[in-house]
Protein chains: 2
Amino acid sequence: MPADQQHVHPSDHAPLELERFLPYRLSILSNTVSQGIADDYQARFDLSVTEWRVMAVLARFEGLSAREVAERTAMDKVAVSRALARLVEAGRVNRGTHEGDKRRSVLALSEAGWEVHDVVAPMARARERELLAKLDADEQAWLSRILDKLLGPPVPPRSGEQGTGNRERESAASA
Amino acid sequence: MPADQQHVHPSDHAPLELERFLPYRLSILSNTVSQGIADDYQARFDLSVTEWRVMAVLARFEGLSAREVAERTAMDKVAVSRALARLVEAGRVNRGTHEGDKRRSVLALSEAGWEVHDVVAPMARARERELLAKLDADEQAWLSRILDKLLGPPVPPRSGEQGTGNRERESAASA
DNA sequence: TGCAAATGGTTTCACATGTAACTATAACGC
DNA sequence: GCGTTATAGTTACATGTGAAACCATTTGCA
């Protein structure tokens, strides 16, 4: 490799090929897909993505506290708090207080909440099927397996790393 | 007819299993990965993700206009405009005016910009390798292929199908 | 008990981001 | 040429979002 320093030329600098860069591609894909689904229900139900996620977990697990919702949605507790405020306001979630611990809330979908859920959930699943339809059976299986692995252990810990901004990560996002 | 049965049970409603829902998993993965990389350089260089993306494309293609940068980064033009404002301000990008079309800007990394690039690009690549290290060779190949397919045609246009999201559905709650 | 620390949840502040409005230049039609 | 429309880019506004500060309650423990 001729390594001259006439750095007006990219070739000297090994620039990143964004469109082949895995994190970038994941980002594009994720945004495209999520936005596509959100478009289905946002305008129609005045429902944000975070609100929908909260509803989805409450559909499966009734009586969770806000913190537990945050864990299961991998969202931070502030986001959950705000989503819940809107959902309760809209009458889609009932919020009670835990007996024996007045700090905790006890959350569940309301009648109206279930109605929204029962429309949105099939829409979301349909979108997922649409996406998966681009893949054959083999690819679908591999994708699932690959995501399991990638999402699995957060970070293989290495010692001797100098992490200036090493913040702690949310606990128990994907278990 | 929703007689007031006590369908408090999720089983009646086919709730979404978020943690197996493809769009959700993609979102988590993408956010985790991107944030991980961003943590590497944000604090250190006071550089946002959008700014880095702009720099990355300018590293490969000198003399682009802002609009072209927007196209190549899949970001909207406002985001690019703001990123460029900061980058120019920070002396990392030189902005000229296109001769023959005074509306267009002509963009390129500056000396300082290249220096940043030459530190960040390897960091980003290292992170990508780290991520890929969780997969064996087969999986890596499949992943690449799968992403190509998923990212490829926005919507496979099928005759008789209305592709873009405007899927209608009767508002009656399903049972 | 009593008091410090921890925990659930909300509020505040600063900032990022998207949409729409806006400016300036260029292209088009006549 | 002159007016209309399109395009490049920026600005303004409204909204979303995370970090940290903040209350209320509970837990730990001496």
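By convention in this document, chain letters (A, B, ...) are assigned in the order of the sequence lines, proteins followed by strands, and residues within each chain are numbered from 1.
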Report task. Go along nucleotides 3-10 of chain C 5' to 3' and tag each nucleotide: B for a protein heavy atom under 4.0 Å from its base, S when only backbone or sugar atoms are that close, - otherwise. Result -> ---BBSBB
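DNA chain D is contacted by both A:H98 and A:T50; A:T50 maps to the nucleotide lying nearer its 5′ end (nearest heavy atom per residue).
Side-chain contact, B:Q140 with B:D136: no donor N or O sits under 3.5 Å from an acceptor N or O.
Nucleotide C:dT19 holds its C1' atom 14 Å from the CD atom of A:Q42, rounded to whole Å. The CD atom of A:E99 sits 12 Å away from the P atom of D:dT26 (whole-angstrom rounding). Summarising the geometry, the separation between CZ on A:R53 and P on D:dG16 is reported as 16 Å, rounded to the nearest angstrom. The NZ-C1' distance, from B:K102 to C:dT23, rounds to 15 Å in whole Å. Remark: P of C:dT11 and CG of A:D76 are 15 Å apart, rounded to the nearest angstrom. We find that CG of B:L87 is positioned 12 Å from P of D:dT10, with the value rounded to whole Å.
Take B:D76 and apply the side-chain contact (heavy atoms from CB on, under 4.5 Å) test, not counting sequence neighbours, and it matches B:V78, B:A79. Every residue two or more places apart in sequence or in another chain that forms a side-chain contact (heavy atoms from CB on, under 4.5 Å) with B:E71 is listed here: B:R67.
Taking the charged nitrogens against the carboxylate oxygens, A:R104 and A:E99 have no contact shorter than 4.0 Å, which rules out a salt bridge.
Contact annotation: the side chain of B:D39 approaches that of B:Q35 to within less than 4.5 Å [non-hydrogen atoms, C-beta and beyond].
Cation-pi geometry between A:R72 and A:F61 is met: the NZ or CZ atom falls under 6.0 Å from the ring centre, inside 45° of the normal.
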